[in-house]
Amino acid sequence: MTTPSTARIEDLLHTGVREEVYPGAVWAVGDADGIRASGAVGVPDPDRPDEPMRLDTVFDVASLTKILAVWSTIGTLVEEGKLDLHAPLGTFWDEVVGHPLARATAHHLLTHTAGLPLRAKLKNLYGTDPQDIRDGVLHEALHRPPGEAVEYTDRAALILGYLAEHLSGQPLDRLATDRVWRPLGMTRTRFGPLPTTEAAHCAPTAYDEATGTHLKGTAHDFSARLVGGVCGIAGTFSVLDDLALFLRHMLAPTRAAFGPTWIKDSLRIHTDALTPARGLFWHPAPDTDTTEDVWVHYGFTGTGMWTSPTQGRWAVLLTNKLRFNRDREPLTKIRHAFRACAFSSDQPSTANK
């Protein structure tokens, strides 16, 4: 793999700092053998301008939890024969028998075609007790029949997290640690809230009126906080090196975690003529065509991971965009430009032929 232009990427990301899209960013591009280029720009906290962003800054990765903890562990359960993606949930999961969700499958959930309600609204609908929330989510009426439309909703990952716990007999944080993070050497990836010493190295996110400070080491996502920090929607904290290990494994999987069959099946279109196109939780990167084979998942706090088996390349961009605001468009433009730099077509591929 030809190393991408570090100067172009750094210029792009510095522009984001200057225009206050985010206080700072950490990035890397690599292949199956490791990181080929990386950098850090700006600061984690604009209130502390003398403390620069570092390559080992801890980030609230938000919806990357859906990949790091849910998609990955579901993959291990599928490969072990403990889960048939196309079996209606009501045929093997007692908690949903007799309820609308019984008609849906894990495949529907992974492709965001299960017809679930589009907003979480967990506290408003079910209160604050974790068991009441679980019961409410699993017994809720569907928004539309399964398979009818692609509609992204956090509930899909929440339900898959519950399903993984049911099939494994372990809470999601322990399951992800035992089956994925520890085997891959991801020693600094964990669900929050973080211990004080680790939170000190975390990039802050949104302002929390309850505490009068910006969240730091506590998940920004309200649903994750509501259930104690651990759920399929969000709540995971990680660092660049750990995400690099995860993405390297996706290009050259070992027996340590989820395997090549799961990866290959996930990184293909499963939604036929429905739009937008979806793989299994991953989706094609915007402004790319199928020949480029670039897949992405984003996190609301300002994070993103890309992978391309065909090009033998991956990329990570970590920002704490929410430290400033919730305006998506400026970061969207930077993400697309970053992806274009990281996967530029004039760079030769090292993928296995």
Side-chain angles (χ1 to χ4, degrees), residues 1 26-38 55-79 110 157 160-161 164 172-192 198 230 232-267 279-283 285 293-299 301-309 311-319 335 338-339 342-343 351:
M1 177 181 129
V26 174
W27 67 275
V29 177
D31 57 22
D33 294 323
I35 294 173
R36 294 306 181 197
S38 63
L55 291 176
D56 61 353
T57 297
V58 180
F59 284 85
D60 174 352
V61 299
S63 281
L64 295 191
T65 298
K66 295 176 173 69
I67 296 296
L68 300 174
V70 178
W71 171 81
S72 59
T73 57
I74 287 291
T76 67
L77 294 167
V78 170
E79 292 180 328
L110 285 161
L160 282 168
L172 185 60
D173 54 346
R174 178 51 51 194
L175 179 64
T177 300
D178 288 351
R179 290 189 173 229
V180 180
W181 301 342
R182 185 183 297 126
L184 295 183
M186 300 167 63
T187 58
R188 296 189 64 192
T189 300
R190 56 162 291 168
F191 278 95
E198 190 74 354
V230 179
I233 296 173
T236 303
F237 290 79
S238 192
V239 296
L240 179 67
D241 280 352
D242 277 14
L243 300 181
L245 290 171
F246 187 93
L247 290 165
R248 287 176 62 189
H249 176 79
M250 288 190 65
L251 292 181
T254 66
R255 295 188 179 185
F258 53 92
T261 301
W262 177 244
I263 297 166
K264 183 177 181 179
D265 193 38
S266 297
L267 302 183
L280 301 182
F281 263 17
W282 295 87
H283 63 88
D293 190 35
V294 182
W295 298 80
V296 68
H297 205 289
Y298 301 122
T301 49
T303 58
M305 300 193 305
W306 295 257
T307 184
S308 173
Q311 298 186 44
R313 193 175 311 171
W314 55 262
V316 174
L317 176 62
L318 302 172
T319 80
R335 280 171 165 167
F338 172 77
R339 186 270 311 154
F343 294 90

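Residue numbers run from 1 in the order of the sequence given. Being a predicted model, the structure only gives us computed values, none of them experimental.
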Do Arg190 and Glu198 sit within salt-bridge range, that is, some charged N less than 4.0 Å from a carboxylate O?
-> no
Is the shortest side-chain N to carboxylate O distance from Asp31 to Arg36 below 4.0 Å?
->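 Result for this pair is yes, salt bridge flagged.
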Donor-acceptor contact below 3.5 Å, side chain [X] vs main chain [Y]:
{"X": "Arg188", "Y": "Val239", "answer": "no"}
{"X": "Glu79", "Y": "Trp262", "answer": "yes"}
{"X": "Thr236", "Y": "Phe191", "answer": "no"}
{"X": "Lys66", "Y": "Ile233", "answer": "yes"}
{"X": "Thr303", "Y": "Leu318", "answer": "no"}
{"X": "His249", "Y": "Gly259", "answer": "no"}

Looking at [atom1] of [X] and [atom2] of [Y], how far apart are the two atoms once the value is rounded to the nearest 0.5 Å?
{"X": "Phe258", "Y": "Ser72", "atom1": "CZ", "atom2": "OG", "answer": "6.0 Å"}
{"X": "Leu243", "Y": "Leu64", "atom1": "CG", "atom2": "CG", "answer": "7.0 Å"}
{"X": "Thr73", "Y": "Leu175", "atom1": "OG1", "atom2": "CG", "answer": "4.5 Å"}
{"X": "Asp241", "Y": "Leu55", "atom1": "CG", "atom2": "CG", "answer": "7.5 Å"}
{"X": "Thr307", "Y": "Leu247", "atom1": "OG1", "atom2": "CG", "answer": "6.0 Å"}
{"X": "Asp265", "Y": "Leu110", "atom1": "CG", "atom2": "CG", "answer": "9.5 Å"}

Give me the ring orientation class for His297 and His283: parallel if the planes are under 30° apart, tilted from 30 to 60°, perpendicular past 60°.
->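 The rings of His297 and His283 sit tilted, inter-plane angle from 30° to 60°.
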Taking all non-hydrogen atoms of both residues into account, name the closest pair between [X] and [Y] and its distance.
{"X": "Ala342", "Y": "Ala315", "value": "CB-CB, 3.9 Å"}
{"X": "Trp306", "Y": "Val294", "value": "CD1-CG1, 3.9 Å"}
{"X": "Phe281", "Y": "Val70", "value": "CE2-CG1, 4.0 Å"}
{"X": "Ala164", "Y": "Leu77", "value": "CA-CD1, 3.8 Å"}
{"X": "Asp242", "Y": "Ser238", "value": "CB-OG, 3.5 Å"}
{"X": "Gly235", "Y": "Thr65", "value": "N-OG1, 3.5 Å"}

Trace of the ring-ring contact (aromatic ring centres under 6.0 Å, His included) decision for Trp181 with Phe246 | CA-CA 8 Å; Trp181 301 342; Phe246 187 93; 9.0 Å; no
Can Ser308 and Trp295 be counted as having a side-chain donor-acceptor contact under 3.5 angstrom?
-> no
